[in-house]
Amino acid sequence: MKTGTTIGMTAVGVLGMLAGSAMGQCTTTKLTDHEPQPQDHFGQAVTTAGNLMVIGTPGEDTANTVNGGSIFFYERVNGAWSYTNSWGLVSDDDNWGRSMATDGTLVATGYGGGTFAGGFPSGWGSIWKKVNGAWDQLNMPSLSLAAGDDYGFSCAAGNGRVVFGSPRRDFNAGDDMGGVFAYRVDAQNNAQLVSTIVHPAFSTQAGEHFGYSVAIAPQGGPNAGMLVVGAPDRDNGATASTGGIYVFNQTGQGYQLQNLPSQWDEAFQFNGLAVGTNGSWIASGAPSFGNARGRVFLYEKLANGNWEVAGFISGPEGDGGNFGSSISMSGEWMAIGAPGFDKVYVFHETNGSWALKRVVSRASVGGSSSWGASIALNASDVAIGDPGDTVSGFAGAGAVYVKSLAQFAGGDDADAAQSISLPTSISACSDGATPTSSGLPGMCGLSINAPDLYFTFTAPRSGTVVADTIGSAFDTVLSAHAPLPTWQDSNTLACSDDINGAQNRQSLVTFPVQQGQQYWVRIAGYNGAVGAFDLNVRFDCPADFDSDGTVDFFDYDAFVICFEGGACPPGKTADFDADATVDFFDYDAFVLAFESGC
């Protein structure tokens with residue numbers, strides 16, 4: 001076992017202003033080493049589960065070593081990520097932290113040191129567990145690793161198991177077939193090797209690099225413990241390096257091969273370069289597909305227990321993005337990296353369909369060209385590694401950017417709109433939304449081709465619905481639609497740019513609804529503006545004059561002030577009976593509505 005040395009704290013920064021419920025939704029937390037140095041590559045690997053996050057820094061020099069590497073532990077306390085501890089290796093070129101994985105209980109990390117064959121090390125790994133309140137590196141059995149095995153290039157943790165990939169492990173001398181090593185932790189907190197998989201069934205090819213990527217289905221969910229292994233250089237007949245994945249079921253302490261799923265093949269697409277699973281789905285990246293456009297295969301389990309392709313997502317922005325180079329899944333969320341475009345795409349699954357929620361680009365936070373080299377999801381956050389980021393003037397010091405998934409409310413397309421019930425109030429951020437394909441005709445506020453988000457509801461009763469963006473932090477445009485808006489016909493019921501011109505750049509629409517009919521609400525920004533927004537949707541209640549969702553004497557006072565010529569609440573007027581004249585008939589009409597309630 002290699003020993004580590006404790007190193008210093010890391011800095012935590014918050015990008016963006018915090019002011020009001022909407023404004024706080026566009027923030028990004030930036031994690032960095034508090035003593036950054038050039039080419040540390042903080043964030044080369046990142047992993048998170050529950051309230052734990054661990055970050056690898058394989059290029060850090062510690063205790064007079066060069067590229068010994070280090071790992072940093074964070075825990076979420078009162079909603080914020082706080083540094084707890086870090087360790088670094090004391091041997092040159094170990095590159096500790098080049099791969100990371102956690103299930104919230106166990107932590108796995110890969111090394112890049114040892115004896116080399118060509119440019120590849122024998123490698124090694126470590127397993128950590130919190131014992132008596134402190135993280136402890138567990139004893140692991142020794143292995144007979146050969147130069148160039150590249151053990152620890154990948155790792156995974158889940159359902160009480162830790163797996164390390166060794167993609168250049170030989171079955172026969174020099175064949176680089178690849179292998180994986182699986183461990184469990186016993187009652188004495190020792191790591192036991194329970195399974196070694198080299199040359200699995202159907203694997204007959206040298207150089208397929210089995211173990212280049214690994215993923216384990218999480219505990220407590222469907223197919224818990226299932227192991228997915230990527231082999232990106234696997235050939236299919238005469239089709240070279242089409243790649244593929246192997247699926248294994250956890251059986252007792254070991255693993256049993258379930259199947260090698262079929263796929264759509266293309267030479268040198270390298271399917272299996274990255275893999276992820278939430279237990280219900282398997283995602284596998286083929287980032288070189290289609291002139292490096294990239295695609296991600298999505299697999300579902302059949303009745304016979306085999307996993308087969310249910311579809312795929314191609315790189316949304318064309319060739320050169322290498323979409324699928326990194327993948328993370330957690331519950332109904334999936335994040336996919338496209339380093340060629342310095343972007344990470346965040347998807348959400350609803351009723352068996354995956355829909356884009358946001359595109360998180362390095363430009364939005366000022367990152368580097370290594371943006372998205374690593375990605376990690378938990379139930380509430382996405383963490384994006386940028387190991388080439390410049391920090392405090394040091395190139396390649398690296399950083400990890402963390403965004404809350406709560407800010408990704410709304411569907412990026414109308415046909416993937418987020419379902420809501422009435423009344424509802426949502427605070428989120430439209431940064432990273434994309435425009436409706438080919439634009440939405442007839443929109444006000446110069447928003448035809450603006451980034452937009454959609455929400456939908458089915459009216460529980462007939463009446464009048466009011467939607468507003470009061471409290472938002474940018475110049476919004478709001479519209480209502482039925483039926484489904486498309487680039488051919490927006491089917492607009494109402495569109496609002498500004499409630500009150502330059503005095504109030506927020507938006508409010510009122511529209512009639514019929515019981516049982518579906519409606520869509522679109523939020524965009526004037527001339528393409530994006531930012532933090534509040535969206536409030538409710539049935540109209542005329543007596544709720546201050547639109548706070550409650551009929552009380554604050555409404556009475558607000559109406560009297562408005563009636564006497566003072567300021568009126570946004571979108572309100574003293575002409576309560578709408579006869580174009582403000583008189584005591586308006587006052588009587590308001591009192592009657594106030595006494596009747598809603």
Side-chain angles (χ1 to χ4, degrees), residues 17-25 420-428 444-445 447 455 457 459 461-480 493-513 521-526 529 531-598:
M17 298 173 61
L18 289 170
S21 60
M23 184 69 80
Q25 288 298 320
I420 58 174
S421 57
L422 273 58
T424 192
S425 292
I426 295 170
S427 295
C444 59
S447 70
F455 300 84
F457 66 91
R461 59 181 172 87
S462 298
T464 300
V465 168
V466 179
D468 68 65
T469 61
I470 295 171
S472 298
F474 69 104
D475 189 349
T476 59
V477 176
L478 190 65
S479 54
L493 301 176
C495 187
S496 166
D497 180 7
D498 302 324
I499 291 176
N500 187 21
Q503 304 302 313
N504 191 333
R505 296 297 192 188
Q506 293 154 3
S507 313
L508 183 148
V509 293
T510 302
F511 55 99
V513 298
V521 175
R522 173 187 184 254
I523 183 169
Y526 176 80
F533 67 87
D534 284 341
L535 175 65
N536 311 291
V537 188
R538 62 200 177 276
F539 274 100
D540 185 32
C541 176
D544 182 17
F545 203 68
D546 60 7
S547 301
D548 67 352
T550 303
V551 176
D552 52 26
F553 275 96
F554 291 107
D555 298 294
Y556 186 88
D557 290 344
F559 177 77
V560 170
I561 292 171
C562 180
F563 181 78
E564 293 179 344
C568 298
K572 299 293 185 177
T573 172
D575 184 16
F576 199 78
D577 61 7
D579 66 351
T581 302
V582 176
D583 52 28
F584 273 95
F585 291 107
D586 298 295
Y587 184 85
D588 291 342
F590 174 78
V591 171
L592 179 61
F594 182 80
E595 292 177 344
S596 301
C598 295

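For this chain, numbers begin at 1 and follow the sequence in order.
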What's the verdict on salt bridge (Lys or Arg N to Asp or Glu O under 4.0 Å) for Asp468 and Arg538, showing C-alpha distance, side-chain angles and the deciding distance? CA-CA 9 Å; Asp468 68 65; Arg538 62 200 177 276; 2.8 Å; yes
Could you check Cys562, Ser547, Pro542 and say which one makes a side chain to side chain contact (heavy atoms under 4.5 Å, CB included) with Lys572? Ser547
Without swapping roles, check the side chain of Thr469 against the backbone of Ser507 for a donor-acceptor pair under 3.5 Å. yes
Could you go through the side chain to side chain contact (heavy atoms under 4.5 Å, CB included) check for Cys495 and Val477 one step at a time? CA-CA 7 Å; Cys495 187; Val477 176; 4.1 Å; yes
Are the ring centres of Phe563 and Phe584 closer than 6.0 Å? yes
Determine whether a donor-acceptor pair (N or O, by modelled atom type, separation under 3.5 Å) exists between the side chain of Gln506 and the backbone of Gly471. yes
Does the Lys NZ or Arg CZ of Arg461 fall within the cation-pi geometry relative to Phe539 - under 6.0 Å from the ring centre and within 45° of the axis? yes
Main-chain N/O of Ala580 paired to Asp575 side chain as donor or acceptor, under 3.5 Å: yes
Counting distance only, does the side-chain N/O of Asp557 pair as donor-acceptor with the main-chain N or O of Ile561 below 3.5 Å? no
To the nearest 0.5 Å, what is the distance between CG on Leu508 and CD1 on Ile470? 6.0 Å
Would you sort out whether Phe533 and Ile523 count as a side chain to side chain contact (heavy atoms under 4.5 Å, CB included), showing the intermediate values? CA-CA 9 Å; Phe533 67 87; Ile523 183 169; 3.5 Å; yes
So, does Ser472 use its side chain to make a donor-acceptor pair with the main chain of Asp534 at under 3.5 Å? yes
Assess the residue pair Thr550 and Asp555 against the criterion (side chain to side chain contact (heavy atoms under 4.5 Å, CB included)); give the C-alpha distance rounded to whole Å, side-chain angles, the decisive distance to 0.1 Å, and a yes or no. CA-CA 8 Å; Thr550 303; Asp555 298 294; 5.6 Å; no
Does the side chain to side chain contact (heavy atoms under 4.5 Å, CB included) test come out yes or no for Leu535 and Thr424, once each step is laid out? CA-CA 8 Å; Leu535 175 65; Thr424 192; over 6 Å; no
Ignoring hydrogens, what is the shortest heavy-atom contact between Gly445 and Asp497? Give both atom names and the distance. CA-OD2, 3.7 Å
Spatial distance of atom CZ (Phe594) from atom CG (Asp544) [nearest 0.5 Å]: 10.5 Å
Is the backbone N or O of Ser425 less than 3.5 Å from a side-chain atom of Asn536, with the two atoms forming a donor-acceptor pair by type? no
